Amino acid sequence: MTALLSLFSLAGKTAVVTGASRGIGFAIAEGLAGAGAAVTGIARSAAPRAAFQHDVTYLSADVSEGIDAVFANIAAARGRIDILVNAAGITLPGRNGALATFEETLRINLTAPYACCLAVRPFMPAGGSIINITSIGSVLGMPGNPAYNSAKGGLRQLTKSLALDYGPAGIRVNALAPGYIETDMTARSFADPVEHERRRAHTCLGRWGKVDDLIGAAVFLASDAAAYITGQDLFVDGGWTAKGLV
Ligand SMILES: NC(=O)c1ccc[n+]([C@@H]2O[C@H](COP(=O)([O-])OP(=O)(O)OC[C@H]3O[C@@H](n4cnc5c(N)ncnc54)[C@H](OP(=O)(O)O)[C@@H]3O)[C@@H](O)[C@H]2O)c1
């Protein structure tokens, strides 16, 4: 059993998690650190919303601006970067969204994760793992947010493309696709009784997700337990994408 559990250990590994000031990124940063990694969390806020309980160093930075130097500094301090989780993201819903909104969403949710992949690549050794946080919207159409779905669909394809490009170097690239998770991003629909119930009822498990529901999947994809898994989507969505005509 000990040997089996060691497959999931991140002891001795270093990780960077973007979007770590709150929500899903915060939980994943905590989770990777709890599994033994030395984690650096990045977001724009001056400080995370809550104190980290594990070994997480927090840096204030914007993933869409000058991120190369941030990764170089982290690598210089840590020696290398084994794991990157691209969790920073925004949503700017609006059925008749302006072009500027579309471009801004793609800039943060698609171009910035790619910039982080490029920035981390020189410092990531064989055995490295990149996890892009996509969405059920990466494969399904949703009303009122064409920019978000386009960006997440693009991030899903970027994941597969980089799995090919980085595979020969022993670096895996996977997408972790949450369903509806209770965070700031979903606060409006979580608080709306009609929307809340509609989203709850569309899952197979009959409930919204919590940020901690993402931790096991993130640790798995980051760890040697997933050593032969790359270019894949792992949906953590309570069965949302499995559900058909009901
Ligand atoms: N919640 C859901 O149901 C759900 C479902 C599917 C996918 N997702 C995805 O999961 C990820 C996390 O979302 P969440 O629900 O946890 O949302 P959230 O609570 O709004 O958190 C978003 C995070 O991204 C950071 N961020 C935004 N823009 C940034 C920038 N330019 N540079 C650096 N950090 C930035 C925010 O920190 P600062 O404001 O401090 O910069 C925050 O830490 C996103 O990619 C989102 O699209 C969420």
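Read the numbers this way: they start at 1 and go in the same order the structure lists the ligands and their atoms. A quick note: this is a predicted structure, and the numbers were derived from the prediction, not measured.
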Between the side chains of Arg198 and Ser189, does any donor sit under 3.5 Å from an acceptor?
no

So His196 and Phe190, would you call those rings parallel, tilted or perpendicular, with 30° and 60° as cut-offs?
perpendicular

Please identify each residue that fulfils salt bridge (charged side-chain N to carboxylate O under 4.0 Å, His left out) with Glu65, with sequence neighbours left out.
none

Please report the interatomic distance CD1(Ile215) to CD1(Ile24), rounded to the nearest 0.5 Å.
11.0 Å

All N/O donor-acceptor pairs, side-chain side in residues 171-179, below 3.5 Å, sequence neighbours left out:
| unit_1 | atom_1 | unit_2 | atom_2 | d |
| --- | --- | --- | --- | --- |
| Arg172 | NE | Ala226 | O | 3.3 |
| Arg172 | NH1 | Leu221 | O | 3.0 |
| Arg172 | NH1 | Ala226 | O | 3.0 |
| Arg172 | NH1 | Ile229 | O | 3.3 |
| Arg172 | NH2 | Leu221 | O | 2.9 |
| Arg172 | NH2 | Ser223 | O | 3.1 |
| Asn174 | OD1 | Gly231 | N | 3.2 |
| Asn174 | OD1 | Gln232 | N | 2.9 |
| Asn174 | ND2 | Ile229 | O | 2.9 |

Could you name the protein residues that come within less than 4.0 Å of ligand 1, counting only heavy atoms, and order them by chain and residue number?
Gly19, Ala20, Ser21, Arg22, Gly23, Ile24, Ala43, Arg44, Ser45, Ala61, Asp62, Val63, Ala87, Ala88, Gly89, Ile90, Ile108, Ile133, Thr134, Ser135, Tyr148, Lys152, Pro178, Gly179, Tyr180, Ile181, Thr183, Asp184, Met185, Thr186

Anything under 3.5 Å between a donor and an acceptor, one on a side chain of residues 151-159, the other on a protein residue two or more places apart or in another chain? List them.
| unit_1 | atom_1 | unit_2 | atom_2 | d |
| --- | --- | --- | --- | --- |
| Lys152 | NZ | Ile133 | O | 2.9 |
| Arg156 | NE | Asp233 | OD1 | 3.3 |
| Arg156 | NE | Asp233 | OD2 | 2.6 |
| Arg156 | NH2 | Asp233 | OD2 | 3.0 |
| Thr159 | OG1 | Asn132 | ND2 | 3.0 |
| Thr159 | OG1 | Leu155 | O | 2.7 |

